[in-house]
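In what follows, chains are A, B, ... by sequence order, proteins preceding strands, each numbered from 1.
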There are 2 protein chains.
Amino acid sequence: MLATAADCFSRYGYAGSSIDRIARKAGVTKGSIYYHFRDKEDLLAATVLDRIAEFEQRVQASCDGLAADEALRRIAHVCQDHAMSKDHPRFLIMLMIESIDTNQQVSDQLRSTMRGFRRFLAGLVRRGQQQELFRADVDPERVASAYTSAVLGAEIQYYQDPDSFCMDDALGHYIDTLLVSLNGVRTDSLQENGENR
Amino acid sequence: MLATAADCFSRYGYAGSSIDRIARKAGVTKGSIYYHFRDKEDLLAATVLDRIAEFEQRVQASCDGLAADEALRRIAHVCQDHAMSKDHPRFLIMLMIESIDTNQQVSDQLRSTMRGFRRFLAGLVRRGQQQELFRADVDPERVASAYTSAVLGAEIQYYQDPDSFCMDDALGHYIDTLLVSLNGVRTDSLQENGENR
DNA sequence: GAGGACATACCAAACGTTTAGTATTATTGC
DNA sequence: GCAATAATACTAAACGTTTGGTATGTCCTC
């Protein structure tokens with residue numbers, strides 16, 4: 001039932017998904033949905049919590065015990081897999097935008113999720129710096145913001161134009177240039193390290 | 001009237017904006033809107049056309065006659081200004097996502113706009129390569145895709161969290177690393193060019 | 001006084017929500 | 001062990017409201 005709601009919300013948005021439509025698609029009736037959830041907003045809130053938990057778990061599990069540089073590659077790959085999967089990948093992005101001016105509770109939830117994601121990435125970069133995998137003169141927060149932008153933007157473009165937009169190219173190119181800029185190569189010194197992929 | 005429609009659509013989405021609401025906000029009544037537009041979809045289509053034209057004009061005008069590297073910096077800045085402005089900046093992104101499964105005509109329009117934007121960027125990179133500003137062994141299409149991702153993702157994060165997300169940091173960091181990677185410095189050779197900003 | 005630019009009044013459909021009722025399953029008392 | 005009770009998981013129908021859309025009236029300009 002949550003899966004069906006996520007599917008409808010991700011396709012048609014919250015306002016565009018009627019309870020009747022969700023119910024019919026789930027093979028039940030409206031009344032049944034109102035038995036489990038107080039109202040439409042409650043259904044949305046439950047769906048959001050469910051999808052956030054899944055997303056966070058997937059990301060954290062994917063780079064467990066990996067080196068910082070490999071983790072950065074891995075996360076991009078996980079997001080790419082997610083975007084190309086069939087389980088309502090647009091849900092979080094759809095609601096991130098739709099709820100800004102329509103549902104403060106959901107908006108706050110998603111906002112803090114995104115902050116957590118950026119914090120997680122920044123921690124990864126900081127770890128890489130401490131292990132001297134990455135050069136120390138880059139700001140981890142800036143990297144995290146730029147990285148998240150790249151992933152988010154690639155997802156949207158892929159959703160909108162899966163035939164023409166190659167997510168692998170976009171994210172691959174970004175991660176490559178990012179890792180090169182993070183590798184301990186100073187721009188004012190000679191290059192000491194040839195591996196950049 | 002188009003401005004009011006754009007404002008409502010960008011805040012509440014197409015499904016979430018009632019004609020009555022748009023009319024009241026524009027200081028007219030429903031009847032007046034239906035005098036100028038056939039139906040709600042027609043109003044949306046007109047608004048989309050208007051916003052697309054404004055966006056394309058703004059981008060192209062901003063980097064008229066600029067060198068390729070400066071143009072890349074400029075476009076990011078223009079997108080940043082647009083995101084921080086007050087004239088319904090979320091409109092295009094909101095509809096890009098909402099219309100995927102709900103309005104093929106609008107979706108096609110936005111899709112081809114995004115393709116045009118990427119093509120424009122790729123042309124810019126190619127121009128930079130021909131003028132030997134940029135190294136020749138990067139794929140302009142990949143750069144364009146990654147660049148667009150960064151801009152789009154930064155916009156979304158800013159809309160969702162203007163207090164905590166610093167667009168200037170995210171885009172600044174991306175453009176810096178991109179331009180370094182585009183500068184004619186080979187990774188398998190010595191560095192010849194110290195300027196990276 | 002005719003036509004353009006609205007406002008007003010209204011309709012049918014769809015919407016979120018509530019209610020009354022019904023099978024099915026679990027729990028209890030004897 | 002089994003009937004009585006109660007909780008669970010629904011359905012079908014109805015309610016009031018909102019919606020997109022239309023038909024008609026009114027003003028104001030040329």
Side-chain angles (χ1 to χ4, degrees), chain A residues 1-51 88 90-91 94-95 97-110, chain B residues 1-51 88 90-91 94-95 97-110:
Chain A
M1 201 139 119
L2 282 182
T4 312
D7 190 57
C8 280
F9 287 146
S10 71
R11 284 183 201 279
Y12 317 115
Y14 174 74
S17 303
S18 74
I19 300 247
D20 216 15
R21 189 182 210 163
I22 296 170
R24 236 176 310 144
K25 208 163 194 165
V28 295
T29 58
K30 269 201 287 193
S32 175
I33 286 185
Y34 275 92
Y35 174 77
H36 291 283
F37 305 96
R38 207 182 330 108
D39 53 19
K40 198 184 175 187
E41 277 199 17
D42 190 36
L43 171 62
L44 175 67
T47 313
V48 167
L49 279 181
D50 183 62
R51 303 310 301 171
H88 11 283
R90 293 191 325 241
F91 181 80
M94 169 90 238
L95 273 123
I97 293 180
E98 191 182 8
S99 67
I100 292 176
D101 272 330
T102 57
N103 190 320
Q104 213 199 315
Q105 183 195 323
V106 165
S107 194
D108 287 348
Q109 231 143 232
L110 290 170
Chain B
M1 200 138 116
L2 282 183
T4 311
D7 190 58
C8 280
F9 287 148
S10 70
R11 283 183 202 281
Y12 317 114
Y14 174 74
S17 304
S18 73
I19 301 243
D20 224 9
R21 189 183 209 162
I22 295 170
R24 233 177 308 136
K25 206 163 195 166
V28 294
T29 56
K30 256 199 307 188
S32 175
I33 286 185
Y34 277 94
Y35 175 77
H36 291 282
F37 304 96
R38 206 179 336 107
D39 53 19
K40 197 184 175 188
E41 276 198 17
D42 189 36
L43 171 61
L44 175 67
T47 313
V48 166
L49 278 181
D50 182 63
R51 304 309 301 171
H88 12 282
R90 295 193 320 245
F91 180 80
M94 168 91 239
L95 273 121
I97 293 179
E98 191 182 7
S99 66
I100 293 177
D101 271 331
T102 58
N103 190 320
Q104 213 200 315
Q105 183 194 323
V106 165
S107 193
D108 286 348
Q109 231 144 231
L110 291 170

Participant: Whole angstrom is fine here: how far is it from CG in A:Asp20 over to P in D:dA12?
Facilitator: 11 Å
Participant: Any side-chain N or O of A:His36 less than 4.0 Å from the OP1 or OP2 oxygen of D:dT8?
Facilitator: no
Participant: How many Å lie between OH on A:Tyr14 and C1' on C:dC15, as a whole number?
Facilitator: 12 Å
Participant: Under 3.5 Å, side chain of B:Gln109 to main-chain N/O of B:Ala45, donor-acceptor pair present?
Facilitator: no
Participant: Does any N or O in the side chain of A:Ser17 come within less than 3.5 Å of the main-chain N or O of A:Cys8, such that one atom is a donor and the other an acceptor?
Facilitator: yes
Participant: Give the rounded distance in Å between these two atoms: CD1 of B:Ile19 and P of C:dC10.
Facilitator: 21 Å
Participant: Between B:Thr47 (side chain) and B:Leu43 (backbone), is there a donor-acceptor pair under 3.5 Å?
Facilitator: yes
Participant: Nearest whole angstrom, please: distance from the P of D:dG20 to the CG of B:Leu44.
Facilitator: 12 Å
Participant: Do any side-chain nitrogens or oxygens of A:Tyr35 fall under 4.0 Å of OP1 or OP2 in D:dA9?
Facilitator: yes
Participant: At under 4.0 Å between heavy atoms, what does B:Ser18 touch on the DNA or RNA strands: base, sugar-phosphate, or nothing?
Facilitator: sugar-phosphate
Participant: Do side-chain atoms of A:Glu98 reach the backbone of A:Ala15 as a donor and acceptor pair under 3.5 angstrom?
Facilitator: yes
Participant: Is any N or O donor-acceptor pair between the side chain of A:Lys40 and the base of C:dT17 shorter than 3.5 Å?
Facilitator: no
Participant: Starting from the 5' end of DNA chain C, give me the residue, A:Arg24 or A:Gly31, whose nearest nucleotide shows up first.
Facilitator: A:Arg24
Participant: When all nucleic acid strands are considered with a 4.0 Å heavy-atom cut-off, which category describes A:Ser32: base, sugar-phosphate, or nothing?
Facilitator: base
Participant: Within this structure, what is the CD1-to-C1' distance between B:Ile33 and D:dT19, rounded to whole angstrom?
Facilitator: 13 Å
Participant: What is the distance, to the nearest angstrom, from the OH atom on B:Tyr12 to the P atom on D:dT18?
Facilitator: 16 Å
Participant: Do B:Phe91 and B:Asp7 come close enough that some side-chain heavy atom pair is under 4.5 Å?
Facilitator: no
Participant: What nucleotide among C:dG16, D:dT22, D:dA12 has an atom nearest to a side-chain atom of A:Tyr34?
Facilitator: C:dG16
Participant: Of the listed nucleotides (C:dT8, D:dA12, C:dT17), which one gets closest to any side-chain atom of A:Lys30?
Facilitator: C:dT17
Participant: Taking atom P of C:dT18 as reference, at what distance in whole Å does atom CZ of A:Arg38 sit?
Facilitator: 10 Å
Participant: Tell me which nucleotide among C:dT17, D:dG21, D:dA12 gets nearest to the side chain of B:Asp39.
Facilitator: D:dG21
